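Here's the structure we're looking at; comments come further down.
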Amino acid sequence: MKVRFWGTRGSIAKPGSSTVRFGGNTSCVEARSASGTIVILDCGTGAHGLGQDLMESGVHPLRGHILITHTHWDHIQGIPFFDPLFGPGNEWDIYAPRGLGSSLRESLAGQMQYTYFPVTLEELGAAIRYHDLVEGVFEIGDIKVRTLYMNHPALTLGYRLEADGVSVVYACDHEPHSRQYAQGTGTMSEQDRRHIEFMGGADLVIHDAQYTTVEYTDKFGWGHTPVACAVDMCRSAGVSRLALTHHDPLRSDDHVDALCEDVRTSLSQAGRSLAVFAAAEGMVVELEASSNIKEEGDSESFSAVAPIEPALQDHQVLIGIADETLAEKIQQAAQADNLRILRAETSQDVLGIVRSTRLSLVILDDGQVGGNALETCRAIRDMDIDHARDLPVVIVTDADSDAGADVGVTDWLIHPFTAEYARTRVRAWVMRSVCRWGRAPFPENEAHRIEALKALQLLDTKIEERFERITRIAAAAFDVPIALVTLVDQDRQWFKSRFGLSPTETPRDQAFCAHTILDTEVMIVRDTLLDPRFADNPLVIGQPRIRFYAGYPLTLPNGTSPGTLCLVDTRPRDLDEVKINLLRDLGKMVEREMTATLPA
Ligand SMILES: [Zn+2]
Ligand SMILES: [Zn+2]
């Protein structure tokens, strides 16, 4: 396999005298197998030169594949300038991670609206096919492609290409999951270990290395890796060669040289064999088969990975729920993702369908007619059919339970939930991926708590200056765009005061504050994207794009918590002890106002 770098700069193109050697164009790498399959990794501004090169090759029609890691500008801006897409007769396949919102095609068309560019996506002359990807394995000609989600503020995939007996990994843009590990002061997390397995034994890894460890201190959550950490990960992964890329736009050629020199010195002192260099525009790396290639049979480490499916519509979900309203609600949530739905009302029907049909998910409920959901689940597991043993079985219930573990229940869907919550979780079960959005359990004193909340007579009341004053002070004192006094009601959270936010309430399954009231201490979420309870929450992936949350659980004299005083920011942050005390003090002022009108 032959690899050629066309763009190595991160974030923004930076041509000029200080970047002449390593290049000013943004991300674009060409990989060709010996038999001539062309795979292009990212289409930043470097794609312009690559396009010209392909056109001048005289090959017609031009056929190739573009793997996009994510749709940040610096990875797609070359697409409108990539000439082979304009030539009639040419055929191109474009792949990118399936977004939660707009499709790949829409994202690309967005940057080619008339305001920005004179030619629309529809006017491109080549035949273009779009493919939405999730984690998994697929093939492009003689190249086997594996994908893994990277840790980046946008939905991002890394790619591992295997052909001709060699393997190349492209991991850009990515930030280590453990911040301490990234800084060199702590150990890696489980997810970092997955990242390393993904790169395992590669002949060449092209890795994000935008920052120095010192610069990284100010760039938490920006989605990039410090150089030293990229080296450490590749060393752990037994990689042969590491190409550092996504060079910071502020990095001069001399500085890049100095960084590489540092890395080599420390590696040679430690007696390590990893070869490290900085990717440079125009550089070609030829890879020949070595003993390093991962064995074919080594796919166990990817067993959590779903095979790539063109769309969810090929998946069938069986809803074994007798309650019509509940079944309908789940059916609608699943149909929003084009899943095919089968329905059954009795345990016998459920078992009959599981036996005869290839399913991706079974959802049962506690109140199922003609049988008990746990028994039905056990009967599914006892079937002598392979696909029944690892079929996800989920039970809808009122309370979390660990009783299902021994009969093989995959997960629980707990009341009450919104359609959106059900949809997100169903999608994750079907794709066998991790859903990073968890609804808070109920506090033990829930009935008592709701009673006390209602007695405050504050729900759905008018705006009051005595609370407005406090959220205003909080927003200013903590320099956050949003500060709220929230009341956590049965199935919603309602805002008694909301500085910087327009909705008056959100469903309870989306509420951060529903987690806060479970404890008596301030709850801080430094970066929602790194927190498995919140990363896929609609308030994180959509408006108001919460990245930071801190909440003080308000406490009434009877010990229950009606809600919180909380702070929200769109940037990852932290609070020191002084600030936590300040939040607590402001919270106590809210408590005082709340109870001021209570009968003695
Ligand atoms: Zn980037
Ligand atoms: Zn990016």
Side-chain angles (χ1 to χ4, degrees), residues 5-15 19 22-30 40-50 66-82 94-102 104 107-108 110-111 133 147-159 169-177 179 182 195 205-212 215-216 218-227 229-230 233 242-251 256 259 278-281 527-530 535 540-541 545 547 570-572:
F5 296 95
W6 292 90
T8 58
R9 192 63 49 179
S11 309
I12 188 172
K14 189 66 188 281
T19 59
F22 291 98
N25 279 305
T26 59
S27 301
C28 181
V29 176
E30 171 191 7
I40 297 169
L41 297 154
D42 275 336
C43 243
T45 62
H48 182 241
L50 168 57
I66 299 176
L67 301 180
I68 302 284
T69 56
H70 64 304
T71 53
H72 278 163
W73 274 351
D74 52 320
H75 300 256
I76 61 168
Q77 256 184 331
I79 288 183
F81 300 90
F82 185 65
I94 306 183
Y95 306 74
R98 179 213 335 227
L100 292 171
S102 58
L104 165 62
S107 311
L108 295 180
Q111 70 164 352
L133 301 180
T147 60
L148 183 77
Y149 286 119
M150 302 285 107
N151 181 33
H152 196 59
L155 195 59
T156 303
L157 281 175
Y159 296 103
V169 172
Y170 183 68
C172 189
D173 303 356
H174 175 74
E175 175 171 349
H177 296 272
R179 190 168 287 180
H195 186 81
V205 169
I206 304 162
H207 205 285
D208 183 322
Q210 180 151 355
Y211 301 129
T212 63
E215 288 164 350
Y216 177 69
D218 293 329
K219 313 281 186 189
F220 291 147
W222 290 35
H224 300 289
T225 303
V227 175
C229 185
M233 288 192 283
L242 163 62
L244 305 169
T245 193
H246 213 268
H247 307 309
D248 193 90
L250 294 173
R251 186 94 55 233
V256 174
L259 285 178
E281 226 173 285
D527 185 348
T528 54
L529 292 181
L530 302 180
V540 173
I541 56 175
R545 301 202 180 282
R547 283 298 290 276
T570 52
R571 297 166 293 168

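Bear in mind that the values here come from a model prediction, so they are computed numbers and not experimental data. Counting convention: from 1, in listed order, for ligands and their atoms alike.
- None of the N, O or S atoms belonging to His70 lies under 2.8 Å away from the Zn ion (ligand 1).
- Restricting His152 to its N/O/S atoms, the shortest distance to the Zn ion (ligand 2) is reached by NE2.
- Taking 2.8 Å as the threshold, Asp74 counts as a candidate ligand of the Zn ion (ligand 1), since one of its N, O or S atoms lies below it.
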Subject >> side chain to side chain contact (heavy atoms under 4.5 Å, CB included) between Arg9 and His247, worked out >> reply: CA-CA 5 Å; Arg9 192 63 49 179; His247 307 309; 3.7 Å; yes
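- Panel note: side chain Thr8, backbone Thr245; no donor-acceptor pair is recorded below 3.5 Å.
- Of the angles at the Zn ion (ligand 2), the one spanning ND1 of His72 and OD2 of Asp173 is 180° when given to 10°.
- The closest approach of His246 to the Zn ion (ligand 1), by N/O/S atoms, is made by NE2.
- In summary, the side chains of His177 and His195 do not present any donor paired with an acceptor at a separation below 3.5 Å, with no hydrogens or angles considered.
- Remark: the Thr69 side chain and the Asp42 side chain contain an N/O donor-acceptor pair separated by less than 3.5 Å.
- Within the 3.5 Å criterion, the main-chain N or O of His174 finds a donor-acceptor partner in the side chain of Asp208.
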